[in-house]
Amino acid sequence: METDSEPYVRLATLRQLHQVMADMNTARSLADTLQTVADGIVTGLGYELAAVNLVRSDGDLVVASLAGDSAAEALISGRVGSRASWERRLIMGQAWGDLRFIPHTEGWVLDDDDVPTWFTDGPEPRFEDEWHPCDRLLAPMYTPGVQGGGELLGVISVDRPRNGRRPGAWGREALQMYAFQAAIAISNARLRANMQRALVRLEREQQALRASEESFRQAFEYAPSGMAIAEMGGDQHGRILRTNDALCRLLGRPASAMRRYSFSDLVHPEDIGTLLRTSAEGGRAELRLGRRDGTYVWVSLRNSVVADAADGPRFLLTHVEDIEERKRRELQLAHRASHDSLTGLPNSAELRSRLSARLCSRPHSVPPNPADSLDAAYEGRGADHPAAFDENGHGFDFHTGAGPYDAFDHHVHTVAPEGDTDDGTKGLAVLFCDLDGFKSINDRFGHNAGDAVLIEVAGRLSRGVRDGDTVARLGGDEFVVLADGLGKADAQDLAVRLRNEIIQPIRVDGRVMRVGASFGIGWAHCGMTADEVLKSADERMYVEKRSRPKQHRRAG
């Protein structure tokens with residue numbers, strides 16, 4: 001193009017320019033595109049030197065590529081010029097369309113700025129349009145597709161036209177068009193580079209996700225304790241989606257069968273409330289799950305809610321640990337604490353606990369004092385909360401209109417038959433039993449024989465009462481029976497039956513032994529303490545024992 005005279009341009013020159021632009025848009029990377037832009041100016045537009053200065057993220061411009069002079073390339077490639085210095089050049093230059101030309105007569109004021117510059121020697125111009133070595137021609141590049149011009153993308157700097165002249169109208173138009181196409185090519189290259197980086201990042205994230213999923217799968221499948229994933233929300237809330245082998249083995253159910261259930265289908269009926277609270281709030285609970293054979297196993301169940309940032313809670317990850325052995329030990333310890341170690345019957349502490357649970361501090365037959373009832377009914381509510389009470393201990397709240405309510409927390413009062421005759425009242429009978437002749441067995445046959453007798457008596461008492469009644473060993477050779485819902489005649493019949501059972505012969509180590517039994521019948525009612533009830537029955541037992549002839553107190 002350097003030998004062509006305007007306006008006559010050879011077709012070969014246009015073809016060369018077209019090829020240069022095609023090469024810009026087919027470069028494989030941003031770096032290749034930038035270098036192709038610089039090379040195209042040298043090969044297609046007829047300049048001996050060209051540099052592409054690219055705007056960085058901080059706004060300054062860096063020499064991103066250079067063509068035509070290896071020495072200049074080594075000198076200024078990668079160097080940075082401030083945005084302020086570049087804007088000063090673009091403002092002070094003569095406007096050749098979108099181009100900016102700074103003649104050597106004005107460019108001296110820029111010699112001390114920080115824009116990377118190469119210097120060439122040459123003679124002074126001999127005619128008006130001859131190119132001077134200090135002339136500067138700049139082609140700004142703006143982001144494409146924005147009406148009225150976009151943001152500055154970079155600046156192309158050219159030097160030393162091969163024909164030695166300042167470019168005419170055709171040369172200016174060609175450089176301006178080239179800068180426009182270069183901006184498109186650079187923008188597209190940047191977009192491709194960003195897409196490639198995003199694809200690489202996405203692939204890495206997918207690889208990390210796959211690795212995480214595989215780690216979770218292995219941790220889930222091969223965990224030594226049970227694991228399950230259940231659905232949250234919707235019509236299938238709580239349905240088990242996935243289980244591991246450990247949970248299937250624990251419950252004796254195959255994975256295919258487990259997917260037909262939710263944990264609420266498997267939990268013991270008494271533990272359903274605990275399960276629902278744990279499922280709703282997450283956290284930990286101890287409950288019983290049903291096995292395939294119909295038995296239940298104690299487990300520690302720990303839930304974690306798996307939430308989605310957009311959809312909220314989606315799954316429930318459940319960790320199930322077998323605690324059957326620990327629960328068995330706890331129950332054994334609790335049983336030992338509340339039961340007699342020799343006979344297995346409830347001990348004195350457990351007896352008093354069961355008895356106290358049935359008794360309140362005020363007899364049902366005594367109308368409550370209104371002031372006391374107010375305290376009892378409104379404990380913790382405050383003294384300014386008025387209520388009225390009737391003769392049965394029921395109240396009406398003046399503030400809320402609520403009532404009637406029981407001033408004794410809806411306690412079912414325990415009552416006792418009155419008088420010596422059976423008036424039809426059913427109450428809680430307390431039978432105090434003391435063995436007759438037991439000391440002589442210990443003295444004659446030893447404590448092992450005495451222990452065997454106590455065990456047998458405990459068994460006979462337990463077999464002689466109803467389900468729900470309590471037989472306890474108070475200590476030594478004293479036993480107590482709590483039997484609810486009995487009248488006076490019923491309690492006396494029960495005492496006779498139990499005495500007849502106890503006096504039957506007992507065989508220990510080939511020896512036949514006998515013990516007698518004295519019974520005292522007391523009655524528990526509200527207003528009494530457990531010790532008062534037991535003392536009353538004990539006193540009646542001694543009255544009964546003293547009233548019987550000695551020959552009727554059977555000993556071994």
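Numbering starts at 1 and runs along the sequence shown.
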Taking side chain as C-beta onward, heavy atoms only, is Asp135 less than 4.5 Å from Ile102? no
Does the Arg242 side chain pair with the main chain of Ile229, one donor and one acceptor, at a distance under 3.5 Å? no
Should the pair Glu325-Arg328 be classified as a salt bridge under the 4.0 Å nitrogen-to-oxygen rule? yes
Check the side chains of Asp39 and Thr36 for a donor-acceptor pair under 3.5 angstrom, ignoring hydrogens and angles. no
Taking everything shown except Phe216 itself, do over 12 heavy atoms lie less than 6.0 Å from its CZ? yes
Is the shortest side-chain heavy-atom distance between Tyr47 and Leu137 below 4.5 Å? yes
Go through Val200 and Arg197 one step at a time and tell me if the side chain to side chain contact (heavy atoms under 4.5 Å, CB included) criterion holds. CA-CA 5 Å; Val200 170; Arg197 283 194 293 269; 5.6 Å; no
Please evaluate residues Asp113 and Trp86 with respect to the criterion side chain to side chain donor-acceptor pair (under 3.5 Å), reporting the C-alpha separation (whole Å), side-chain torsions for both, the decisive distance (0.1 Å), and the verdict. CA-CA 9 Å; Asp113 68 12; Trp86 274 106; over 6 Å; no
Nearest heavy-atom contact between Met92 and Glu106 is CE-O, 3.9 Å
Take Arg217 and Glu214 through the test salt bridge (Lys or Arg N to Asp or Glu O under 4.0 Å) and record every step on the way to the result. CA-CA 5 Å; Arg217 187 193 68 80; Glu214 178 61 19; 2.8 Å; yes
Are more than 12 heavy atoms from other residues, nucleotides or ligands located less than 6.0 Å from atom CD of Gln218? yes
Looking at CG of Leu75 and OG of Ser70, how far apart are the two atoms once the value is rounded to the nearest 0.5 Å? 11.5 Å
Salt bridge between Arg56 and Asp58, side-chain N to carboxylate O under 4.0 Å? yes
Arg172 side chain to Pro167 main-chain N or O, any donor-acceptor pair under 3.5 Å? yes
When you measure from the side chain of Thr243 to the backbone N and O of Cys248, does any donor-acceptor pair fall under 3.5 Å? no
Ignoring hydrogens and angles, tell me if any N or O in the side chain of Asn244 forms a donor-acceptor pair with the backbone of Ser225 under 3.5 Å. yes
Run the side chain to side chain contact (heavy atoms under 4.5 Å, CB included) test on Glu286 and Arg326 for me, step by step, so that the C-alpha distance in whole Å, both residues' side-chain angles and the decisive distance to 0.1 Å come before the verdict. CA-CA 11 Å; Glu286 293 184 355; Arg326 175 168 68 80; 2.5 Å; yes
Compare all side-chain heavy atoms of Ile91 with those of Arg88 and state whether any distance is below 4.5 angstrom. no
Using a 6.0 Å cut-off, check whether atom CZ of Arg210 has over 12 heavy atoms from anything other than its own residue. yes
List the steps, then state whether side chain to side chain contact (heavy atoms under 4.5 Å, CB included) holds for Arg160 with Asp69. CA-CA 11 Å; Arg160 299 202 305 255; Asp69 191 323; 3.9 Å; yes
Are any of the side-chain heavy atoms of Ser264 and Leu275 separated by less than 4.5 Å? yes
Nearest-0.5 Å distance that lies between atom CG in Leu266 and atom CG in Leu247: 8.5 Å
Do the non-hydrogen side-chain atoms of Asp114 and Val80 ever get within less than 4.5 Å of each other? no
Side chains of Trp118 and Asp159 only: does a donor on one sit below 3.5 Å from an acceptor on the other? yes
For salt bridge (Lys or Arg N to Asp or Glu O under 4.0 Å), just list the numbers for Arg302 and Glu321, CA-CA rounded to whole Å, side-chain angles, deciding distance to a tenth of an Å, and then say yes or no. CA-CA 8 Å; Arg302 186 170 68 250; Glu321 182 182 357; 5.2 Å; no
Does Leu250 reach the side chain of Val299, with side-chain heavy atoms less than 4.5 Å apart? yes
To the nearest 0.5 Å, how far apart are CD1 in Ile186 and CG in Leu153? 5.5 Å
Within the structure provided, determine whether Arg354 and Arg358 are in side-chain contact (heavy-atom separation under 4.5 Å). no
Looking only at heavy atoms, what is the nearest atom pair of Pro224 and Ala246, with distance? O-CB, 3.7 Å
Under 3.5 Å, side chain of Glu324 to main-chain N/O of Val297, donor-acceptor pair present? no
Rounded to the nearest 0.5 Å, what separates atom OG1 in Thr295 from atom CG in Leu251? 9.5 Å
Between Arg166 and Phe101, is NZ or CZ placed under 6.0 angstrom from the six-membered ring centre and within 45° of the ring axis? no
Ignoring hydrogens and angles, tell me if any N or O in the side chain of Ser187 forms a donor-acceptor pair with the backbone of Thr143 under 3.5 Å. no
Before you tell me yes or no, could you show the steps for Asn303 and Thr318 under side chain to side chain donor-acceptor pair (under 3.5 Å), namely the whole-Å CA-CA distance, both residues' side-chain angles and the distance that decides it to 0.1 Å? CA-CA 5 Å; Asn303 285 327; Thr318 304; 2.7 Å; yes
Option passing side-chain contact (heavy atoms from CB on, under 4.5 Å) with Leu61 (candidates Val155, Val52, Leu54, Val115): Val155
Please check this pair: side chain of Asp265 against backbone of Ser262, looking for a donor-acceptor N/O pair closer than 3.5 Å. yes
Has Arg292 got a side-chain atom pairing as donor or acceptor with Pro254's backbone, closer than 3.5 angstrom? no
Drop me the distance from Leu202's CG to Gln196's CD, to the nearest 0.5 angstrom. 14.0 Å
Before giving the answer on side chain to side chain contact (heavy atoms under 4.5 Å, CB included), spell out for Leu199 and Glu203 the whole-Å C-alpha distance, their side-chain angles and the decisive distance to 0.1 Å. CA-CA 6 Å; Leu199 289 173; Glu203 177 61 26; over 6 Å; no
What's the shortest heavy-atom distance between Pro346 and Glu350, and which atoms? CB-CG, 3.7 Å
Any donor-acceptor N/O pair, Asp271 side chain to His268 backbone, under 3.5 Å: no
Checking Arg253 against Tyr261: charged group under 6.0 Å from the ring centre and within 45 degrees of the axis? yes
Roughly how far apart are Leu289 CG and Trp298 CH2, rounded to 0.5 Å? 10.0 Å
Indicate the atoms forming the closest heavy-atom contact of Leu90 with Pro140, along with that distance. CD2-CG, 3.8 Å
Report, as yes or no, whether the 6.0 Å neighbourhood of atom CG on Asp129 holds more than 12 heavy atoms from other residues, nucleotides or ligands. yes
Can you give me the closest heavy-atom contact between Ile156 and Ala182, atom names plus distance? CD1-CB, 4.2 Å
Taking all non-hydrogen atoms of both residues, which atom of His104 and which atom of Cys134 are closest, and how far apart? CB-CB, 3.6 Å
Mind checking whether Trp96 and Gln176 have side chains closer than 4.5 Å, heavy atoms only? no
Test your reading of the model: is there a side-chain donor-acceptor pair from Asp60 to the backbone of Arg83, 3.5 Å cut-off? yes
